[in-house]
Amino acid sequence: MNKTRLALLLTLAPLLANAAVDPLTLVQPVSDYKIYVTEKVDQLVSDTEQFTNAVKKGDLARAKALYATTRVNYEAVEPIAELFSDLDAAIDSRVDDHEKGVEADDFTGFHRLEYALFDKNTTDGQGPIADKLIADVKDLQGRIATLTFPPEKVVGGAAALLEEVAATKVSGEEDRYSHTDLYDFQGNIDGAQKIFELFRTHLESQDKAFVAKVDKNFATVNTLLAKYKTKDGGFQSYDKVAERDRKAMVGPVNTLAEDLSTLRGKLGLN
Amino acid sequence: MTSHETGAAGKPPSPRVLRLAVAGSALLMVGAGLVFFYASHQAQARRAANAGHETLITIRDHACEPNDLSVPAGPNSFRIVNQSQRAVEWEILDGVLVIEERENIAPGLSQVINATLQPGRYAITCGLLSNPRGSLTVTPTAASEAAAKARPALTAFIGPLSEYRVYLASQSSALVRAGQALKDAIQAGDLQQAQAAYGAARVIYQRIAPASQRLAELDNRINARADYFEQREQDPAFAGLHRIEYSLFQQRTTEGLTPVADALLADLGELKTQLLAQSIAPQQFTEAVVRSLRNLAQIRSSGEEERYSHLDLQGFAANLEGVRKVIDLLRPLLARTGSQPLAAVDSAMTQFEQHLQALRGAEGYMPYDQVPQAQKQQIAADADALANAIAAIDQALGLADQ
């Protein structure tokens, strides 16, 4: 037993209103989350290398095949990746984010390549975009390595990931040319679930019923998604998912997002 | 050495004492290295004067007297008198973690150790590693409770401490890989390769030494010097990195080292596990760094650590890297409390780094046995100055002993 920590906890307990959690016990899950993010970003870099190489070689079929599985690593670590707003815009902005639309000079990144590959069905002229994407992703890797993760961002990230799915992504706006949205959803949900798992012990010690409810809601959402899995381990095209079925995902994802939005308060990080 | 402490802490000296002191000073000038001893003992005397409760402990050959202690929580000083036959260490342990320690207390001499202690029961390592553990009971006081309440929001430390744990994870993984490379070279009987692998492993170890050295027993298995064993280099229990260093650099052979390298590799794996399992409180974070720098200033600057390989400078530079990591992590918190202490730390780090860089040539750092005495003293002074600057950060963050 760590006496120092125990002594601190005992003496500070009355001062930490609403916080039944010893803040120092959050060090382990927060650092484990950074290790998880680091691994995901390492994977993102190596996958993006292959993806951009395919684009530059003019291998359209391979580039298309790698698009969704490359991005999914970005989606999983979005709570941290999006802390760097310049890179998030360069890597993951949608055409709507740019005043001049697809022809905007600063429309770069995954969705700019997605537009060329899936809408224009070509790799022509995409070399500079591909070069910039891999450079930006490597920049992200370097910045994450030196970033001290803000604990409230880590914990708050679980809800943030799902809120965005329910609010906008479910419409199919994100991957409008490739219709690979379901890969992204899975990445977002996995990223949220990872955060929840890392703090499970803390949450269980104060509210077992809450943890059981969240577990059940994650299972519901994962089951919904699993319906669209293909034999090769991928997902079916989102334009084949009926409007009604798309809407059916909103409720469960929102419920989960609401549950997870209480994590910061429960962990004393408000 | 003890006379300095008495003089500094006592009344103004008489003219006769002054004359003696002048003569004494002349003698001091003869012995190289004593200037920094003087400085460090002045500092020790100051610390002793600041501390509250003092406890006298005598180290005998096979145990301490007394071996079971009880002190009030808060600032404490322990005067350790070494009546045994060799240089030994004395440590306060919380479980397997080092709370406070003094290494290499020379026979016949005494050292004062100051520790601010939280209520609880601790173990004591006393002299040789085979000696029985002592016990230390720390009883709570009103002041200790109040001091704990004065700390800044603990949530502010989650980020920096998490990041340090990530650093420990990546460095300890690298250390395991370095241990494997060392073992491979030894098994292949490639002396040159093994010597290079030893140096590489030491650098990684030194980056995380402050954290590793909190794990008393495990760290001893990895990093103990020959002096801590009854029969020194010939002792069958002498193992770890310095045992390997002894064979590779002194005896210039890889022979018989495979079992030592095997055990070391297992211990390095265990080190990674334990480093990731340990919880470091904010106060211990800086304390460990300060302790490690004091140790560098007072003991390791002599070259005792890498006595066979003379790779000390690489180790000091890696220590500084590890310190820089800690400071960079605390930087945002310090910026909030004012830049004065931070500027002092930055300038002390720069100074230390520049002096180390000056001892670097085209082929890397100079072997430490070729470093002139004046430069060794400078290194000790730099490490001590940096430790002082970081101790001031403790105060700025509300983590101070006082």
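Excluded from the calculations below are hydrogen atoms, water molecules and symmetry mates; all remaining heavy atoms, backbone and side chain alike, are included. This structure is a prediction, so every number in the text was calculated from the model and none was measured. In what follows, every chain begins at residue 1, and chains take the letters A, B, ... in the order their sequences are listed.
Counting non-hydrogen atoms of neighbouring residues, nucleotides and ligands closer than 6.0 angstrom, the NZ atom of Lys153(A) reaches no more than 12 such neighbours.
Residue contact with chain B, scored on non-hydrogen atoms closer than 4.5 Å, involves the backbone of Leu147(A) exclusively. Only the side chain of Pro151(A) comes within less than 4.5 Å of a heavy atom of chain B; its backbone N, CA, C and O stay farther away.
The CG atom of Leu168(B) lies 9.5 Å from the OG atom of Ser31(A); values are rounded to the nearest 0.5 Å. In this structure, OG1 in Thr148(A) is found 9.0 Å from CG in Asp328(B), a value given to the nearest 0.5 Å. The line from CD1 of Ile158(B) to CD of Glu152(A) is 8.5 Å long, rounded to the nearest 0.5 Å. The distance from atom OG1 of Thr146(A) to atom CG of Leu329(B), rounded to the nearest 0.5 Å, is 10.5 Å.
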Original post:
Run the side chain to side chain contact (heavy atoms under 4.5 Å, CB included) check on Val30(A) and Glu163(B) step by step: do they pass?
Top reply: CA-CA 9 Å; Val30(A) 168; Glu163(B) 188 58 21; over 6 Å; no
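The shortest heavy-atom contact between Arg165(B) and Val27(A) is CD-CG1, 4.4 Å. Taking each heavy atom of Ala169(B) and Ile35(A) in turn, the nearest pair found is CB-CD1, 4.0 Å. Scanning all heavy atoms of the two residues, the minimum distance from Gly268(A) to Thr155(B) falls at O-CG2, 4.0 Å. The two residues Pro282(B) and Leu24(A) come nearest to each other via the heavy atoms CD-CD1, 3.7 Å.
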